[in-house]
Engineer: 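Structure in structure tokens, see below.
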Amino acid sequence: MGKKLLLKNDHISGIQSYEVYRQNGGYASVEKALKTMTPEAVVEEVKKSGLRGRGGAGFPCGMKWSFLAKPEGVARYLVCNADESEPGTFKDRYLMERIPHLLIEGMITASYALGCSNSYIYIRGEYFYVSRILENAIAEAYANGWLGKNIQGTNYSLDLHVQVGAGAYICGEETALLESLEGKRGNPRIKPPFPAIAGLYGCPTVVNNVETIAAVVPIVNEGGDEYAKIGIGKSTGTKLISASGHINKPGVYEIEMGLPVEEFIYSEEYCGGIKGGRKLKAVVAGGSSVPILPANLILKTAAGEPRLMSYESLADGGFATGTMLGSGGFIVMDESTSIVKNLWNFSRFYHHESCGQCSPCREGTGWMEKVLHKILDGHGTIEDIDLLWDIQSKIEGKTICPLGDAAAWPVASAIRHFRSEFEEYVKQPKSIQDVKHYYRLQEAKF
Amino acid sequence: MTNGKEIKFSDDSLALVQRMMKRYPEGKQKSALIPVLHIAQAEFDGWLSGPVMEYVASVLNILPVEVFETASFYSMFNLKPVGKCVIEVCRTSSCWLVGAEDVISHLEKKLNIKVGQTTSDGMFTLKSVECLGSCGTAPMMQVGADYYENLTLDKVDTLVEKFRSEGKRKSYTDKAEPRKL
Ligand SMILES: Cc1cc2nc3c(=O)[nH]c(=O)nc-3n(C[C@H](O)[C@H](O)[C@H](O)COP(=O)(O)O)c2cc1C
Ligand code: SF4
Ligand code: FES
């Protein structure tokens, strides 16, 4: 059993409530931080922990915190990114629904470290029922003196609010999120300035993912050095992985960084192997945006080393033979899966979710969707495959926000690793169309 | 006016809206727009008409065009009338891998409408939507505040019958059914 830091208590009955959470050591990090540490000391522990942002980019959290501008007399904000819309990712919902107080506790401790007196949790609109759970937890925290004026008799005061969105993947991008939080359309801002200088209402702001903020709790409780002992290399601590697709045991798993991918997929403790004993075909390891890898390259690096669940190991080989840990949305596909059809599914997603500000993204995502649809329909040509490659290469790196890259990478990697499958669609459209592209529900076991 | 009713929040909703506006610094009450639009949509027949958006603008003391600008960006806001139950089936990869297409085509047949349409009795609207963060319990759909997961076609049938017999409008702001964790 790997060490658990975030989900160690999620099975305890009643852990959603303040009483049970508190009885199990809840709010200790707030007590420790506010009563025995300066804000700078909390930032220092987070730096020592090596914690990297769990929202997808993996940016060192302590460094991000130390970039926050602190002009006299100007409010600073901590905003929790609970937009969770990256296809294949559902860990934040799991965490907020099961142990809402862990996020609230992390928000208080982190807000203290950053010197904020008003903090917000921005949660996707579809998670409305989860926002209610958070609001209840916040009310309990106020009632027990963990929020509001002079928290636990100290000089520190904090108000915490939940804000719902209304359905837009792009609002997970931090500057689009801030626009949305200000009541506007979710159009990403041009950077610089970065939120650390001018974020919410033009004030210095830190945006962190739910899991990142939750991880601050064990880091403060046990110390950054202890946290950094878990994991491997620059991938310290534990990570929540959302596992879905053709596996026997889909769900959210907390793993120690460095777990071999093979063990994660096949052991009973985690995914429990491929459904129906079928063969593994491909994995999208970090949410829809990261490059897809075929079975051989997800299990072993190009150099033949076992692939590990860590930022570095998953990225080993660059985009030629590697991928990214991303948000930890681990989508497993068995031998019956049509990579071309899955790619069309992703491309439609990015086209639907493009905010439309930059032409390469707005137009390019639509073209890719259309070309893929043409290929799936049996009308594709070899030139269409090259056209797809060309379009994606003209989106990547040429847009305001990384959604453009996120739309390009799945296309590039699918063609890179599965070009022969695209060619089959072009050369033998009839026979391919008869192939079962996906499980029929009637045949699947539940 | 919507259906001849005066457009005005109930006292409870108005009190809630006023509390929400206080969550933000002075002069930044526009921040409350999205939550307030959710309340408006739930209260005024499940969609945001022009007059409803004008009313929301007056409550928040912003321009009607600012409300339209925001409302038209987000997929959860309906700018046209919808059925009492909007069934939103996730169509993205993880759900597709385990049978979302079957759920959608089954619902199309059962309700005798296509995705995007509303039944003639005004009871159901069928939508297909992008990943709802429930990929480990796929296939899934959302109706109002509730997530229905690990769907089978039988489960879908039972749910549709249940919604039909209840005959109630479902909103995102409803109290969700208790969930087994
Ligand atoms: C298109 C797009 C969508 C994103 N969606 C999310 C999201 O749903 N949740 C999240 O935490 N970060 C998301 N991010 C990353 C955020 O921009 C940001 O990096 C993150 O919230 C920072 O938090 P962290 O450092 O704790 O990871 C997204 C980025 C992009 C470009
Ligand atoms: S890359 Fe796409 S989503 Fe991002 S700002 Fe440009 S158009 Fe909008
Ligand atoms: S893909 Fe359907 S909920 Fe994520």
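It should be emphasised that the depicted structure is a prediction, and the values quoted were computed from it without experimental measurement. Residue numbers begin at 1 in each chain, while the letters A, B, ... track the order of the sequences.
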Engineer: Only pairs of heavy atoms separated by less than 4.5 Å count here; which of Ser242(A), Gly245(A), Gly186(A) has the most with chain B?
Structural biologist: Gly186(A)
Engineer: Highest number of heavy-atom pairs under 4.5 Å with chain B: which of Gly167(A), Pro250(A), Cys355(A), Ser180(A)?
Structural biologist: Gly167(A)
Engineer: Name the option with the most non-hydrogen atom pairs under 4.5 Å to chain B; the candidates are Ser244(A), Ser85(A), Ala166(A), Gly125(A).
Structural biologist: Ala166(A)
Engineer: When the aromatic ring centroids of Phe330(A) and Tyr253(A) are compared, is their separation below 6.0 Å?
Structural biologist: no
Engineer: Tell me, for Gln142(B) versus chain A, whether the close heavy atoms (under 4.5 Å) come from the side chain, the backbone, both or neither.
Structural biologist: side chain
Engineer: Decide if atom CZ of Phe68(B) counts as having more than 12 heavy atoms of other residues, nucleotides or ligands within a radius under 6.0 Å.
Structural biologist: no
Engineer: Check the side chains of Arg278(A) and Ser336(A) for a donor-acceptor pair under 3.5 angstrom, ignoring hydrogens and angles.
Structural biologist: no
Engineer: Side chains of Tyr127(A) and Arg132(A): any donor to acceptor distance under 3.5 Å?
Structural biologist: no
Engineer: Quick one: do the Tyr24(B) and Asn118(A) side chains pair a donor with an acceptor below 3.5 Å?
Structural biologist: no
Engineer: Between chain A and each of Cys95(B), Ala176(B), Ser75(B), Ala71(B), count heavy-atom pairs under 4.5 Å; write down the option with the most.
Structural biologist: Ser75(B)
Engineer: Select, from His352(A), Glu84(A), Glu353(A), the one with the greatest count of heavy-atom pairs under 4.5 Å involving chain B.
Structural biologist: His352(A)
Engineer: Using non-hydrogen atoms only, which part of Arg185(A) is less than 4.5 Å away from chain B: side chain, backbone, both, or neither?
Structural biologist: both
Engineer: Side chain, backbone, both or neither: which part of Arg91(B) has an atom under 4.5 Å from a heavy atom of chain A?
Structural biologist: both
Engineer: What do the steps show when you test Glu86(A) against Lys91(A) for salt bridge (charged side-chain N to carboxylate O under 4.0 Å, His left out), and what is the final call?
Structural biologist: CA-CA 11 Å; Glu86(A) 172 86 359; Lys91(A) 66 186 174 81; over 6 Å; no
Engineer: Just checking, any donor-acceptor pair under 3.5 angstrom between side chains of Tyr201(A) and Ser31(B)?
Structural biologist: yes
Engineer: Please flag which part of Ile170(A) lies under 4.5 Å from any non-hydrogen atom of chain B: side chain, backbone, both or neither.
Structural biologist: side chain
Engineer: If you tally heavy-atom pairs under 4.5 Å against chain A, which of Ile34(B), Leu181(B), Leu33(B) wins?
Structural biologist: Leu181(B)
Engineer: May I ask you to say whether Lys275(A) pairs ionically with Asp334(A), meaning some side-chain N is under 4.0 Å from a carboxylate O?
Structural biologist: no
Engineer: Could you tell me whether the side chains of Glu149(B) and Ser134(B) share a donor-acceptor contact shorter than 3.5 Å?
Structural biologist: yes
Engineer: Quick check on Ser288(A) against chain B: is it the side chain, the backbone, both or neither that has a heavy atom closer than 4.5 Å?
Structural biologist: neither
Engineer: Going by side-chain contact (heavy atoms from CB on, under 4.5 Å), Phe44(B) matches just one of Ile7(B), Ile39(B), Val56(B). Which one?
Structural biologist: Ile7(B)
Engineer: Which atoms of Val162(A) are under 4.5 Å from chain B, going by heavy atoms: the side chain, the backbone, both sets, or neither?
Structural biologist: backbone
Engineer: How are the rings of His38(B) and Phe77(B) set relative to one another: parallel (under 30°), tilted (30 to 60°) or perpendicular (over 60°)?
Structural biologist: tilted
Engineer: When you check the side-chain N and O atoms of Glu43(B) and Ser13(B), is any donor under 3.5 Å from an acceptor?
Structural biologist: yes
Engineer: Which atoms of Tyr169(A) are under 4.5 Å from chain B, going by heavy atoms: the side chain, the backbone, both sets, or neither?
Structural biologist: neither
Engineer: Please look at Asn342(A) and chain B and tell me whether the side chain, the backbone, both or neither of the residue comes under 4.5 angstrom of a heavy atom of that chain.
Structural biologist: both
Engineer: So which residue, Val129(B), Leu132(B), Val36(B), Asp174(B), ends up with the most heavy-atom pairs under 4.5 Å with chain A?
Structural biologist: Leu132(B)
Engineer: Which bit of Phe346(A) is near chain B, if near means a heavy-atom gap under 4.5 Å: side chain, backbone, both or neither?
Structural biologist: side chain
Engineer: Checking heavy atoms, do the side chain of Thr137(B), its backbone, both or neither come under 4.5 Å from chain A?
Structural biologist: side chain
Engineer: Does any backbone or side-chain atom of Tyr77(A) lie under 4.5 Å from a heavy atom of chain B? Answer side chain, backbone, both or neither.
Structural biologist: side chain
Engineer: Under 4.5 Å from any heavy atom of chain B, what part of Arg348(A) do you find: side chain, backbone, both or neither?
Structural biologist: both
Engineer: Side chain, backbone, both or neither: which part of Glu179(A) has a heavy atom under 4.5 Å from chain B?
Structural biologist: neither
Engineer: Determine, using ring centers only, whether Tyr172(B) and Phe128(A) are less than 6.0 Å apart.
Structural biologist: no
Engineer: Kindly say whether Arg98(A) contributes a backbone atom to a donor-acceptor pair with the side chain of Asp10(A) at under 3.5 angstrom?
Structural biologist: no
Engineer: Does any backbone or side-chain atom of Asp154(B) lie under 4.5 Å from a heavy atom of chain A? Answer side chain, backbone, both or neither.
Structural biologist: neither
Engineer: Between chain B and each of Ala168(A), Gly356(A), Gly88(A), Gly251(A), count heavy-atom pairs under 4.5 Å; write down the option with the most.
Structural biologist: Gly88(A)
Engineer: Side chain, backbone, both or neither: which part of Ser131(A) has a heavy atom under 4.5 Å from chain B?
Structural biologist: neither
Engineer: Heavy-atom cut-off 4.5 Å, strictly under: side chain, backbone, both or neither for Val332(A) against chain B?
Structural biologist: backbone
Engineer: Among Glu97(A), Lys249(A), Gln16(A), His11(A), which residue has the highest count of heavy-atom pairs closer than 4.5 Å to chain B?
Structural biologist: Glu97(A)
Engineer: Report yes or no: do Asn9(A) and Tyr21(A) form a side-chain donor-acceptor pair below 3.5 Å?
Structural biologist: no
